[in-house]
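First comes the structure, then the notes that go with it.
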Amino acid sequence: MVRDRRYWLVKSEPAKYSIDDLAAEPGQRACWDGVRNYQARNFMRDEMRLGDGVLFYHSAVQPPGVAGTARVVREAYPDSTQFDPDSPAYDPRARPDEPRWWMVDLKLTRRFERLIPLAELRATRGLEAMLLLRRGQRLSVMPVSAEQWRIILSLADA
DNA sequence: GCCAACGTTGGC
DNA sequence: GCCAACGTTGGC
């Protein structure tokens with residue numbers, strides 16, 4: 001029995017890694033490494049499944065917003081950067097036989113014609129409960145409901 | 001650049 | 001286990 005497709009939102013600072021960078025990857029797919037927050041990790045490791053939909057969000061940029069969508073094309077496996085002393089995401093506490101951090105692979109599915117700005121999300125009926133819009137919320141990987149997904153795609157097409 | 005919010009660390 | 005100090009995130 002296959003569970004229903006689920007939806008997520010991942011944040012990235014475009015100065016570090018933008019949706020254009022994902023588009024430029026071979027096969028337009030990449031491993032989503034460097035996540036160093038336990039709650040975000042748990043979502044990736046325990047709940048993200050092949051085929052799930054992902055909103056690609058640009059943060060720490062003016063304006064912030066949703067830039068497009070991706071799909072989970074590989075489920076969680078150990079994040080290799082945790083073992084790499086040269087990586088900024090290196091974690092000396094992690095051991096290969098007991099990885100602490102995990103990543104998934106994402107593949108670009110769509111680059112929106114226009115960025116959907118955070119302010120527009122805030123002003124859109126039906127999105128009031130979005131986790132992203134909670135004040136002080138800093139998760140870099142978070143769930144999105146099917147309804148929220150549908151509404152945001154409709155904004156992209158509007 | 002500011003700063004609120006929040007997660008993590010580490011002394012006790 | 002508590003909690004103060006500290007670091008980071010990320011909107012503004």
Side-chain angles (χ1 to χ4, degrees), chain A residues 6-25 30-48 52-70 72 75-106 108-145 147-156 158:
Chain A
R6 284 195 198 155
Y7 303 94
W8 308 93
L9 179 146
V10 300
K11 293 181 186 172
S12 188
E13 300 185 20
K16 295 177 181 163
Y17 194 87
S18 74
I19 198 163
D20 291 336
D21 292 319
L22 180 58
E25 300 277 4
C31 56
W32 204 251
D33 61 16
V35 173
R36 294 295 181 268
N37 168 282
Y38 289 107
Q39 205 180 343
R41 176 204 67 182
N42 292 348
F43 282 134
M44 283 200 302
R45 185 191 60 187
D46 305 334
E47 301 196 44
M48 269 194 186
D52 281 359
V54 177
L55 297 171
F56 197 111
Y57 180 85
H58 280 173
S59 67
V61 67
Q62 197 49 243
V66 180
T69 63
V72 176
E75 294 182 4
Y77 60 108
D79 179 339
S80 49
T81 62
Q82 69 192 302
F83 307 123
D84 176 5
D86 294 328
S87 168
Y90 176 60
D91 186 345
R93 301 164 301 180
R95 301 161 41 87
D97 56 332
E98 203 174 336
R100 182 179 295 238
W101 305 111
W102 300 71
M103 61 188 179
V104 298
D105 285 358
L106 299 181
L108 180 69
T109 42
R110 184 170 169 201
R111 213 167 1 163
F112 290 161
E113 301 285 319
R114 65 180 186 101
L115 185 91
I116 315 297
L118 177 60
E120 185 173 344
L121 300 179
R122 289 196 191 283
T124 300
R125 289 194 57 178
L127 297 182
E128 296 85 355
M130 264 193 96
L131 228 47
L132 177 75
L133 306 183
R134 286 227 193 120
R135 112 195 206 89
Q137 169 293 126
R138 301 181 309 175
L139 268 181
S140 63
V141 178
M142 67 182 81
V144 167
S145 75
E147 177 68 1
Q148 290 160 359
W149 171 271
R150 188 191 64 74
I151 291 171
I152 289 167
L153 289 199
S154 76
L155 292 177

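The ring pair (Phe, Tyr, Trp, His ring centres under 6.0 Å) check on A/F43 picks up A/W8, with sequence neighbours excluded. Applying the ring pair (Phe, Tyr, Trp, His ring centres under 6.0 Å) rule to A/W149 yields the partners A/Y7; only residues at least two apart in sequence or on another chain are considered. Annotation: side chain to side chain donor-acceptor pair (under 3.5 Å) contacts of A/S80 (sequence neighbours excluded): none.
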Scan the side chains in residues 54-66 of chain A for donor-acceptor partners under 3.5 Å anywhere in the protein, sequence neighbours excluded, and list what turns up.
residue, atom, partner, partner atom, Å
A/H58, NE2, A/I19, N, 3.1

* Which nucleotides of nucleotides 2-12 of chain C have their base under 4.0 Å from a protein heavy atom (B), which only their sugar-phosphate (S), and which neither (-), written as one string 5' to 3'? -> -----BBBSSS
* If pairs are Watson-Crick or G-U with both distances under 3.5 Å, what is the dot-bracket string of DNA chain B, marking crossing pairs with [ ] and pairs to another strand with |? -> ||||||||||||
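A/S145 places a side-chain N or O within 3.5 Å of a backbone atom of A/Q148 that can act as its donor or acceptor partner.
Side-chain contact check for A/Y38 and A/R100: at least one donor-acceptor pair (N or O, by modelled atom type) lies under 3.5 Å.
Counting any heavy atom pair closer than 4.0 Å across all strands shown, A/R93 reaches sugar-phosphate atoms only and no base atom.
Heavy atoms only, all atoms of each residue included: A/V35 and A/S140 are closest at CG1-OG, 4.1 Å. Of all heavy-atom pairs spanning A/A158 and A/R114, the tightest one is O-NE, 4.5 Å.
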